[in-house]
Every structure is written in C-alpha cells, then in structure tokens.
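What follows is a single structure, written as structure tokens, with notes after it.
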Amino acid sequence: MGQPVKRIDARSKVTGRARYVADVKIQGMLYGKMLFSPHAHAHIKGIDTSKAEGLPGVWAVITAQHIPGENQIGVVTPDQPLLAQETVRFVGDCVALVAAESASVAEKALGLIRVDYQTLPGVYTAQEALGENSPLVHQGGNLLTHLKIRKGDLKKGIGECDILLEETFHTQRQEHVYIETIGALAIPEGDGSMTILGSIQCPFYVQKGVAHVLGLPMNKVRIVQATTGGGFGGKEDVPSEICGFASLLAWKTHRPVQMILTREEDLRRSSKRHPMSVTYKMGATKGGKILCAQIEVLADVGAYATLSPVVMFRSTVHATGPYEIPHVKVDTYGAYTNNIPSGAMRGFGTPEVTFAHESMVDELAAKLNMDPIQIRLINGLRLGSQTATGQVLRESVGLEETIVKAKEACDWESKRAEDKRIGPSRRRGLGASAMFYGVSLGAKGWPLDGSAAAVQVHQDGSVSVAIGGTEMGQGAQTVVAQMAAECMGLSLDRIAILATDTSLVPDSGPTVASRTTVFSGNATLNALEQIKRSMTELASELLAVAPEKLDFRDGQVLGGGKKISFDQLVQHCYSRNINLGAEGWFVSPPCSFDEETGQGDAYYVYGYGTQIAEVEVDLDTGQVQVLRVTAAHDVGKAINPQGVSCQIEGGVVQGVGYALLENFMMVKGQIQTPDLATYTIPTSLDVPQVEPIIVEAISEKGPYGAKGLGEQPIIPTAAAVANAIHDATGIRITKLPIGPEALRRALLEERKEL
Amino acid sequence: MKHTINLRVNGEEVTTDVKSHRTLLEFLRDQLHLMGVKEGCGDGECGACTVLLNGEPVRSCLILAVEAQNSEILTIEGLAEGEKLHPLQRAFIDQGAVQCGFCTPGLIMGAKALLDRHSHPTEEQIREAIGGHLCRCTGYETILQAIRSVAKMRP
C-alpha cells in the first residue's frame with residue numbers, strides 16, 4: 001500500500017490480448033449503422049426506408065416508430081429521444097438504424113433511406129439562445145438551468161475593496177478523443193432478455209436506458225463492460241445511446257448486432273466539454289485579501305441536456321476557486337442550442353471557471369504588485385475555512401502544501417526574477433494556477449452515490465472481486481486489487497478483479513467524478529471485512545487465540561505466537577460450510593445545497609492542486625511552447641503512486657491541449673473539425689516535461705485515507721499556461737485555446753498601443 | 001474482385017484470397033483474427049493500427065492487403081517469444097506506459113521499428129518516431145521512458 005505497483009491489466013494490453021468490444025465477434029452477428037441528420041434543426045416530414053429494406057443483406061431498418069418502449073434516453077432530463085421522430089436538433093441526431101450482414105452493406109442501405117426535412121431556424125450560441133424571439137430548441141424554452149450562490153453581502157464587499165477588476169473569459173468546446181471509439185455488441189438471449197457488451201463508463205446507466213427503450217424490466221437487461229479504451233467522461237452517458245441503438249436492432253432481428261462507431265461518427269455523436277462565457281468581478285484589499293466575487297457563467301448546453309444540470313452544478317460550486325471569499329454572488333446559466341450536446345468531460349465544468357478565476361487572481365496580484373504565489377497563500381482554503389457554499393472544511397485540505405511544494409520544485413522566485421528575454425523575439429514566463437475539486441457526486445448526485453462490491457474467497461484461497469466501478473484506463477482495478485491484497489494480507493497476484501457486470505453487483509452509480517478509488521475501494525473493504533470476521537472467528541477457535549489478536553499478513557493469519565496459513569484456514573472454512581462470499585456497500589457522507597442561496601456542504605471532501613507552467617513565446621509567430629509543468633496534487637493517500645503520477649502527467653497534457661490546441665469548432669451547427677486531422681491533440685512532439693508531486697492530506701472517509709484524483713490534473717493547466725504567457729509578454733489572453741493567430745494578433749495590438 | 005496473396009505474418013506463411021479493396025487492417029483483423037491490431041480512426045491519423053511491413057512501420061488502415069503481397073508482416077501478436085515478453089513489452093509495463101491500452105500495440109510496434117533502425121536513438125529520434133501515435137491517457141512521458149530504457153539496456 002502506497003508503493004508503486006505495476007498495473008494488473010498491463011500484460012494483456014502489451015500483448016494485444018485484451019479484448020475490446022470490436023475484438024469480439026460471434027456467430028451470426030450483424031453490423032449496425034445509424035443515419036445522421038444533415039441539418040442542425042429541422043422538422044422531419046417523412047422517412048421512406050423501403051429501398052433500404054429491399055437491399056440484399058439488410059436485416060432491419062428501424063425508425064422511431066418501431067421503438068417498443070419509450071423513445072427517451074435523457075440521463076438527467078427527459079428531453080432526448082433515442083431516435084429523432086418529429087424534429088432533429090443537431091447534426092448528430094439519428095433518424096434511422098440499419099442492421100446488415102456487413103458494415104459496408106449497412107452503409108449502402110443508409111444511402112437509400114429518403115428523409116424529407118423541412119429546415120428550421122436554429123440557435124448556435126448560448127447568448128443567441130437566450131435572446132428575445134430566438135428559435136426554440138425545446139418547447140419549454142432555451143434556458144435549461146440556472147444555479148445560484150448568495151453568500152455574505154456583495155455590495156458591502158465591493159464597498160470595502162481597494163481594487164475591483166472585471167473581465168469576461170471564453171472557453172471552447174473540447175472533445176475527449178479516447179483512442180477507442182464507442183462500441184457495443186447487443187446479444188438477444190433466448191429468454192427475451194438482452195446482454196450487451198460495450199465500451200462504457202457507466203454500465204448501470206446503460207442498463208436503465210436500454211430497459212427503458214426496449215420496454216423491458218431491468219432484470220432482463222445485463223450490461224458487461226468490455227476492456228475500455230479511455231473515457232474521460234465521453235463514455236458516461238453517450239454509450240447508453242449507442243447500446244440502445246444496437247439493442248433495438250438485435251431485438252428486431254433476433255440476432256447479435258455489433259455497432260462500432262467510426263471516428264467521424266463518434267466525433268459527430270458524442271458530447272463535448274461546454275463552451276462557456278464567464279464574467280468575473282473580483283475585488284481585494286491592498287493587502288491582497290479577496291473580499292468579493294460576482295460571477296456569471298453562461299454555458300452552451302447544445303441540443304440536449306445530457307449531464308449539463310450537474311456539470312453546471314460543479315461550475316457553480318467551484319466558481320470562486322480554492323479561496324475563502326466572504327461575499328459571493330454566482331449565477332450559472334445553461335442554454336440549449338442546435339449544437340452538439342455538451343456533457344461530461346474530465347473536470348466537469350471546472351476547468352472552464354478555473355481558467356477565469358486563476359486569470360483574475362493573477363490580475364489582482366499584478367495590479368497590487370504582489371507575487372502570484374503570495375496572493376494564493378493569503379486567500380487559499382485551509383482547515384476551518386468556509387467555501388463559497390458556506391461549507392466549513394473540517395478535514396483533508398492540502399492546498400497550501402501543494403502551493404508551497406510546486407513553488408519550491410520549480411524554483412519559482414529565481415525563475416520569476418530572471419530576464420524574460422532569451423532572444424530578440426523569444427520570451428520566457430512562469431505562471432501558477434490552483435484548484436479544488438469536490439470528490440464524487442456531491443449534493444446534486446447524492447441519490448446515485450452508493451457503490452457495491454461482491455467478493456468471494458475461493459477454495460484455493462484466491463480472491464475474486466466484482467466492483468460496480470469500471471476500468472477505462474485510469475487504473476481503478478489495480479488500486480482496488482492493492483487494497484484487497486492489503487486487507488487480506490495476500491500478494492497482489494491472488495486477487496482477480498472481474499469485468500464490471502450489472503449481474504454481479506447492485507447498482508453502484510456511475511464511474512465518474514473521481515469517485516472509484518473511494519467508492520469501489522470502500523465497498524470492497526466492507527465486503528472483505530465481513531469475510532475476515534468469519535475467518536477470524538474460526539482461526540481463533542483453531543489457534544486458541546483471542547480474535548482481536550489475530551492479524552492477516554503475508555498469506556497467514558497470525559497472533560499470540562501462533563499462525564495458520566491463509567489457504568489452510570480457507571479450507572477449514574469450506575469444510576465447515578462457512579460462507580466466504582460477501583457483498584460490500586459504501587454510501588457518500590451527506591451533502592446539501594440550497595437552491596435559493598447555494599449554501600450547503602456541496603461535496604463531502606475536496607481534492608486540491610497547484611500547477612506551475614513554464615512557457616516560451618515566439619513573438620514573431622505567436623507560437624507558445626510549454627516547457628515544463630510542475631503539478632502538485634493533494635490526492636489523500638496515494639494507493640498506487642505510479643498510477644497517480646501517470647494520471648497527473650496525462651491530465652496535464654490534456655490541459656495543455658485545452659490551453660493551446662484543441663477546439664471542436666461548429667459553424668451554424670455544422671462541424672468544422674470532423675476528424676483527427678482537423679481536431680488535433682498533443683503528440684509526443686508537443687508535450688512539456690511534467691513533474692508530478694504527490695501531496696497526501698489524508699481523508700478520514702477514504703479507503704486508507706484516499707481521495708479521488710482522476711479529473712483534477714486537467715483543471716488548472718490552461719490557467720497556468722495563460723498566466724505564464726502573461727508573465728512572458730504582459731499580454732492577458734481571455735479566450736481559449738491560445739492559438740498562435742490570436743496571440744500574434746494580441747502582440748501586434750499591444751505594440752500598436754505602445 | 002478477389003486476389004490470392006502470399007505473405008508471411010508473424011513468421012507463418014499465409015496464402016489466402018482477399019478482396020481487392022480490403023485494407024491490410026481489415027485483412028489482419030477479420031481474416032487472420034489478429035485483434036491486437038487496433039482501429040482508432042481508419043484515416044491514418046492515430047497510429048493505433050501500426051504494424052511492421054518488411055520491418056517498416058506502416059498504418060495498416062492506409063494500405064491495401066494486396067499491397068502486402070510477398071512481404072513480411074509483424075504484428076503485436078508476433079512480438080513475444082511464447083510467454084516471454086519482448087523487452088519493449090516488459091518496459092511498457094515497468095514504466096507505467098500502459099493505461100487504457102488501445103494505443104499500446106501500435107506504439108510498441110512503432111518503437112520496435114525505431115530501435116531496429118537505431119540501437120541508440122537520440123531523444124529527437126524517439127519523439128519523432130512516435131510523433132504519429134496518439135495517446136490520450138499517458139501524456140507520453142512514460143512511453144518515452146520505456147523506449148529510452150530499452151535503448152539504454154543495449155550494448
């Protein structure tokens with residue numbers, strides 16, 4: 001525990017033996033395809049599928065009217081038909097599905113389907129959507145959500161400030177680019193039930209969604225997760241749609257149907273990070289104490305709500321950053337448009353506001369002639385601090401340690417003092433950024449925030465653990481195996497983590513929100529403790545040692561100078577019919593959020609982090625190179641430090657992409673970046689040196705003191721880069737991504753002004 | 001239209017019919033069941049489908065199977081000797097270079113081609129060699145470290 005461990009799934013992946021859903025082929029399998037809308041907003045007047053149905057090799061063509069259950073797949077808000085029936089609201093809406101002998105026949109059939117559309121005027125920005133007389137995306141109006149925080153007395157706070165700054169920031173749509181596209185294999189079973197194997201983050205969402213559209217009870221739908229090639233939030237809810245498509249075709253044809261999205265289909269259908277405009281008014285005293293923040297967030301939700309109401313909740317709670325600010329007013333709005341739905345992506349509404357508040361804090365420091373580290377230390381959350389939601393932090397606040405450690409590791413003081421000019425047209429700069437992030441689902445997701453594990457110790461002493469959380473690359477299985485091994489005093493190779501399967505464990509909520517180490521970990525420990533109690537009782541009898549003196553260690557159960565091997569004890573248990581199977585359960589500590597005031601204990605605990613970026617700017621081209629990122633993150637106990645470092649490195653690089661490169665562009669609802677040649681992500685030639693620093697502020701509720709960390713590393717990076725560019729050039733960029741054109745333009749304007 | 005092609009795949013002689021429009025990727029996966037060859041984009045942009053063709057790394061999604069006539073193909077399945085892993089496979093595990101694993105087979109093949117050509121590649125050569133392989137999990141450092149560590153072990 002706490003030692004670097006090699007991943008338990010690595011061998012299967014380096015040999016090419018790991019089975020992803022596209023690698024599974026079964027007898028009689030058909031291939032599914034979907035027909036997209038060419039329009040961002042249109043009325044469907046009619047669909048003629050007769051020619052497609054007549055094509056040899058086609059087994060089924062399905063439209064909305066064939067759906068046996070309810071044509072509804074919205075995960076939070078019931079606003080999303082699985083197949084468009086009367087209206088298409090974005091270019092990823094699907095109007096028909098085809099199952100055929102091969103993907104190419106299915107593709108050909110799509111071309112034979114005639115859809116008669118009447119195009120409708122659309123709205124393509126959140127601002128437009130909330131304008132008067134704007135076309136409506138949904139009949140209830142374009143405003144999906146408005147969340148608020150009211151803390152202290154804003155007027156009073158503003159009055160007491162020596163300095164008050166205001167700025168608006170804009171962030172872009174970001175795509176996950178998991179390297180494995182979404183896929184599903186639906187297998188109709190003889191008893192009328194449906195089994196689905198898929199590339200998914202949240203099997204229990206899929207189970208509920210598929211049962212709903214097929215009109216089946218949930219006990220007739222079984223979801224098994226295949227090895228999953230990355231998620232980052234992109235496989236949270238969208239797989240319910242793809243699994244829904246595949247299972248409709250399987251239900252109709254009584255044959256297994258595989259549906260593996262091409263990259264272009266995946267980019268067109270899957271949700272993205274929200275584009276946001278955020279306006280900050282932030283004020284402080286001369287001494288650098290931040291007294292007030294007035295924040296307005298406006299997010300482009302896209303055509304359907306998907307997870308926006310909860311994403312916006314995170315934006316709201318985290319809008320003030322990791323600082324104690326007495327007077328706060330936050331208003332967060334999410335508006336429907338005819339763009340691709342914005343949904344879950346790593347950081348879930350937090351990187352957007354962090355870009356803004358961390359830029360603001362640096363601007364305050366600059367105006368006050370104060371060191372950016374100093375202003376963060378003055379205002380940063382610590383034990384006993386009160387967050388913007390009025391939550392008093394009583395445990396595990398590692399922010400200050402992350403600030404200090406990051407600062408020391410990157411040699412902040414001497415580097416900031418160095419000459420920025422390293423050539424006639426090259427400048428270097430250093431920028432800091434801090435963040436906090438609520439672990440797990442918090443007040444808005446509390447009803448989903450319980451997780452299960454089912455464990456058994458087999459006759460030979462090996463242990464199987466089934467968890468409700470999924471492995472998608474983040475390393476969840478390895479940390480759960482480590483915790484199980486530690487708890488039972490066994491070596492790691494005695495533990496097997498089973499593929500996540502809705503038939504093995506009760507609904508454990510989604511694998512999101514950096515919650516799996518804590519939730520699947522605690523549930524596993526809870527199950528193992530039950531088994532240990534039974535084993536301890538028998539060992540006590542066999543060894544004639546009091547149970548409280550017995551310990552599970554090194555494959556033995558020992559105490560009072562006596563011992564028995566774990567395996568022998570297991571055999572004794574079996575010979576006496578002692579149950580060595582158990583189910584564990586863990587529920588989030590209570591959380592609260594008042595809808596009117598935004599006050600409450602929004603999340604049960606928070607992770608903290610500080611990143612410092614060093615950049616080099618080419619003044620002639622506007623090109624920015626990130627040289628180094630020092631990333632200190634408080635993760636509670638690091639169960640697998642190697643895994644933690646890997647998560648930090650990967651998150652930072654996604655953050656560099658968000659800062660400089662990535663922009664999923666849409667014009668009038670049409671995608672401008674339909675593939676990976678036009679939507680570019682960092683390669684090995686673009687990445688900085690990343691120095692991960694692990695800070696461990698132990699969390700009482702976490703297994704062995706762990707908190708979550710999956711999302712945190714991406715959150716502060718863009719702001720750190722922007723602040724470093726400011727340090728290098730004196731230019732404040734308020735819009736992401738910071739491409740060379742934009743920076744070059746800003747540099748030219750600056751010179752003009754001079 | 002079908003063609004009969006002869007080639008060696010992972011050391012085995014293969015003679016089989018293949019449709020003229022089949023990509024090498026489709027041929028390896030669908031006809032030879034070599035599922036370690038991954039399709040990430042189908043457009044030659046991500047590198048997940050990289051295999052070695054006569055020792056050269058190629059995007060198998062951009063080549064037709066018929067173009068592999070009389071050639072020698074190596075995929076991830078042919079890299080280990082039985083259960084004994086290739087040093088690159090070992091190094092990817094040891095350095096934590098594997099997360100979701102979907103880019104891993106292609107990356108390892110790309111790295112093998114590099115090390116076959118340059119036993120002690122420079123940092124630039126390593127970065128260049130895997131510059132066409134997208135990985136979204138790791139941030140690349142552990143992958144670079146795995147390749148460096150194998151090069152370092154060489155005499």
Side-chain angles (χ1 to χ4, degrees), chain A residues 4 6-7 9-20 22-25 104 176-181 227-232 260 262-264 471-475 642-643 645-654 656-657 675-677 680-690 713, chain B residues 21 29-30 33-48 75-80 83 85-86 88-109 124 126-144:
Chain A
K6 303 199 186 357
R7 291 175 63 112
D9 54 350
R11 193 182 170 94
S12 73
K13 290 172 173 174
V14 299
T15 51
R17 290 177 190 161
R19 276 173 190 259
Y20 300 80
D23 304 335
V24 181
K25 307 281 177 194
S104 58
H176 312 81
V177 195
Y178 30 71
I179 306 299
E180 181 211 23
T181 58
T227 305
T228 295
F232 315 112
I260 308 295
T262 65
R263 179 59 63 182
E264 288 74 12
E471 171 68 61
M472 55 195 125
Q474 82 277 40
Q642 189 188 53
S645 295
C646 289
Q647 283 286 67
I648 292 176
E649 288 170 11
V652 167
V653 168
Q654 282 185 357
V656 169
D675 52 34
L676 297 182
T680 51
I681 64 169
T683 72
S684 59
L685 300 163
D686 306 306
V687 296
Q689 185 194 338
V690 181
Chain B
H21 63 271
R29 284 181 60 86
D30 298 343
H33 311 294
L34 295 167
M35 296 302 191
V37 189
K38 299 299 179 200
E39 177 173 351
C41 69
D43 293 333
E45 289 148 6
C46 76
T75 73
I76 192 73
E77 287 89 348
L79 201 56
E83 288 307 302
L85 297 181
H86 184 276
L88 274 167
Q89 291 171 311
R90 192 72 257 161
F92 267 63
I93 297 175
D94 292 343
Q95 301 295 334
V98 179
Q99 289 194 33
C100 86
F102 204 77
C103 69
T104 307
L107 261 160
I108 290 178
M109 299 316 289
E124 286 73 15
I126 298 176
R127 283 183 188 263
E128 197 67 50
I130 65 162
H133 291 263
L134 298 181
C135 167
R136 193 57 154 169
C137 298
T138 64
Y140 303 102
E141 180 52 35
T142 50
I143 294 167
L144 296 165

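Just so you know, these numbers come straight off a predicted model, no measurement behind them. All chains are named by letter (A, B, ...) in the order of the sequence lines, taking the proteins before the strands, and each is independently numbered beginning at 1. Only this structure's heavy atoms are used, side chains among them; waters, hydrogens and symmetry mates stay out.
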Handout entry: Which portion of A/Thr228 sits near chain B, non-hydrogen atoms under 4.5 angstrom
Key = backbone

Problem - From CG (A/Asp23) to CZ (A/Arg17), nearest 0.5 Å - result: 13.5 Å

Problem - Donor-acceptor pair, side chain of B/Arg136 and main chain of A/Ile681, under 3.5 angstrom - result: no

Handout entry: From CD1 (B/Ile130) to CG (B/Leu144), nearest 0.5 Å
Key = 4.5 Å

Handout entry: N/O donor-acceptor pair under 3.5 Å between B/His86 side chain and B/Leu88 backbone
Key = yes

Handout entry: Check: B/Cys100 main-chain N/O paired with A/Lys13 side-chain donor or acceptor under 3.5 Å
Key = yes

Problem - Choice from B/Thr104, B/Ile143, B/Val37, B/Thr138 maximising heavy atom contacts with chain A below 4.5 Å - result: B/Thr138

Problem - Portion of A/Ala677 that has a non-hydrogen atom of chain B nearer than 4.5 angstrom - result: both

Exercise for the section: Please round to the nearest 0.5 Å and tell me the distance separating atom OG1 of B/Thr142 and atom CD of B/Gln95. Expected result: 8.0 Å

Practice task
Please state whether the side chain, the backbone, both or neither of A/Gln689 comes within less than 4.5 Å of a heavy atom of chain B.
Solution key: neither

Practice task
Examine whether an atom of B/Leu79 lies under 4.5 Å from a heavy atom of chain A, and if so say whether it belongs to the side chain, the backbone or both; otherwise answer neither.
Solution key: neither

Practice task
Identify which part of A/Val690 has an atom lying under 4.5 Å from any heavy atom of chain B, answering side chain, backbone, both or neither.
Solution key: neither

Exercise for the section: Flag the one option from A/Ile179, A/Thr680, A/Val653, A/Val656 with the top tally of heavy-atom pairs under 4.5 Å to chain B. Expected result: A/Ile179

Practice task
Using modelled atom types only, decide if a donor and an acceptor are shared between the side chain of A/Thr227 and the backbone of A/Arg19 within a distance under 3.5 Å.
Solution key: yes

Practice task
Using non-hydrogen atoms and a 4.5 Å limit, figure out which bit of A/Gln642 sits close to chain B: side chain, backbone, both or neither.
Solution key: side chain

Completion exercise
Smallest heavy-atom separation, B/Ala48 atom then B/Gly40 atom, equals CB-N, 4.1 Å

Practice task
Heavy-atom distances under 4.5 Å only: say whether B/Glu45 touches chain A with side chain, backbone, both or neither.
Solution key: side chain

Problem - Max heavy-atom pair count under 4.5 Å with chain B, selected residue of A/Gly475, A/Cys646, A/Gly651 - result: A/Cys646

Exercise for the section: Among A/Gly657, A/Ala18, A/Ser684, A/Gly643, single out the residue with the greatest number of heavy-atom pairs under 4.5 Å to chain B. Expected result: A/Ser684

Exercise for the section: Name the region of A/Val14, side chain, backbone, both or neither, that has any atom closer than 4.5 Å to a heavy atom of chain B. Expected result: both

Completion exercise
Sorted by chain and number, sequence neighbours left out, ring-ring contact (aromatic ring centres under 6.0 Å, His included) with B/Phe102 holds for A/Tyr20

Completion exercise
Ranking B/Thr75, B/Asp94, B/Asp43, B/Ile108 by heavy-atom pairs under 4.5 Å to chain A gives rank one to B/Asp94

